[in-house]
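When reading the values below, keep in mind they use all heavy atoms of this one structure, side chains included, and skip hydrogens, waters and symmetry mates. Just so it is clear, the structure is predicted and the values come from calculations on it, not from any experiment.
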Amino acid sequence: SEQILPDLPNDLLKDFPDLKILVFPPTRTQPVWIYATVGMFDIAVGENTLPEIHLFSSEQNNEILISALSRLMEYSMETHLDFGQIFSCGKDVHTTCKHLLATFPFADGEGFPELWIDDKEIQFIWLLPVSDSESDYLKEHGYESLDEKLFEREDINFFDWNRPSI
């Protein structure tokens, strides 16, 4: 069953006690760790959409992943979070993939649900770990240059934060 991690920074929790990060351990049908925000839409800015974010990891990595999600929660309070943005995981990350790309959750398959609150769509954003060179490539060529078929052709495990760069 999922674990609720309410240990976000105290100043954030004080004003938003319903903000949580859920951690789902691997199961028979979902062989990776899932980290997902709940309530982020309530603190985020956005004219037409509000974000909820999630990421996957082959290994449990609470400290790095919770830190990255917490920073993005704070970021979303002042800046609209949208597909195509790239975020650093911080200098203390010692994995091949040190950045997160905000992307459509194509790993979750077709038919991702649409939710609306106060005439704004809840935008489910998958944070895909990317390497330095992939981040540079995306910044130069744009988010549209990301071809999920390339990941499939190269047989890349995009849940592995230490995967080779494509």
Which pair of non-hydrogen atoms, one from [X] and one from [Y], has the smallest distance, and what is that distance?
{"X": "L69", "Y": "I53", "result": "CD2-CD1, 3.5 Å"}
{"X": "H80", "Y": "Q85", "result": "O-NE2, 3.3 Å"}
{"X": "C89", "Y": "W161", "result": "SG-CZ3, 3.7 Å"}
{"X": "S70", "Y": "I21", "result": "OG-CD1, 4.2 Å"}
{"X": "P26", "Y": "P31", "result": "CB-C, 3.7 Å"}
{"X": "K120", "Y": "E47", "result": "CE-O, 3.3 Å"}

Sequence neighbours excluded, which residues qualify as ring pair (Phe, Tyr, Trp, His ring centres under 6.0 Å) partners of F87?
-> Y75
Say you draw a straight line from [atom1] of [X] to [atom2] of [Y]; how long is it, rounded to the nearest 0.5 Å?
{"X": "N162", "Y": "S131", "atom1": "CG", "atom2": "OG", "result": "11.5 Å"}
{"X": "L138", "Y": "E144", "atom1": "CG", "atom2": "CD", "result": "10.0 Å"}
{"X": "W126", "Y": "F83", "atom1": "CH2", "atom2": "CZ", "result": "12.0 Å"}
{"X": "N157", "Y": "S58", "atom1": "CG", "atom2": "OG", "result": "4.5 Å"}
{"X": "D42", "Y": "I122", "atom1": "CG", "atom2": "CD1", "result": "9.0 Å"}
{"X": "L81", "Y": "M73", "atom1": "CG", "atom2": "CE", "result": "11.0 Å"}

Determine, step by step, whether Q30 and V32 satisfy the side-chain contact (heavy atoms from CB on, under 4.5 Å) criterion, reporting the C-alpha distance in whole Å, the side-chain angles of both residues, the deciding distance to 0.1 Å, and the verdict.
-> CA-CA 6 Å; Q30 183 69 38; V32 295; 3.2 Å; yes
Donor-acceptor under 3.5 Å (S67 side chain, I64 main chain) = no
Could you tell me whether the side chain of Q60 and the main chain of P25 form a donor-acceptor pair under 3.5 Å?
-> no
Any chain of hydrophobic side-chain contacts (each under 4.5 Å) joining [X] to [Y]?
{"X": "Y35", "Y": "L22", "answer": "yes"}
{"X": "Y137", "Y": "L128", "answer": "no"}
{"X": "I117", "Y": "L115", "answer": "yes"}

Give the table of side-chain donor-acceptor pairs shorter than 3.5 Å for residues 93-100, with sequence neighbours excluded, one pair per line with atom names and distance.
| residue | atom | partner | partner atom | Å |
| --- | --- | --- | --- | --- |
| H94 | NE2 | D92 | O | 3.4 |
| T95 | OG1 | C97 | O | 2.7 |
| H99 | NE2 | D132 | OD1 | 2.6 |

Where do M40 and L19 land on the side-chain contact (heavy atoms from CB on, under 4.5 Å) test, with the steps shown first?
-> CA-CA 6 Å; M40 184 174 165; L19 188 59; 4.3 Å; yes
Describe, in one word, how the ring planes of F56 and H54 are oriented to each other, choosing from parallel (under 30°), tilted (30 to 60°) and perpendicular (over 60°).
-> perpendicular
Knowing that exactly one of I125, I86, L127 qualifies, which makes a side chain to side chain contact (heavy atoms under 4.5 Å, CB included) with L101?
-> I86
For E52 and T37, does a side-chain donor sit closer than 3.5 Å to a side-chain acceptor?
-> yes
Taking atom CD of E59 as the centre, report whether more than 12 heavy atoms of other residues, nucleotides or ligands fall under 6.0 Å from it.
-> no
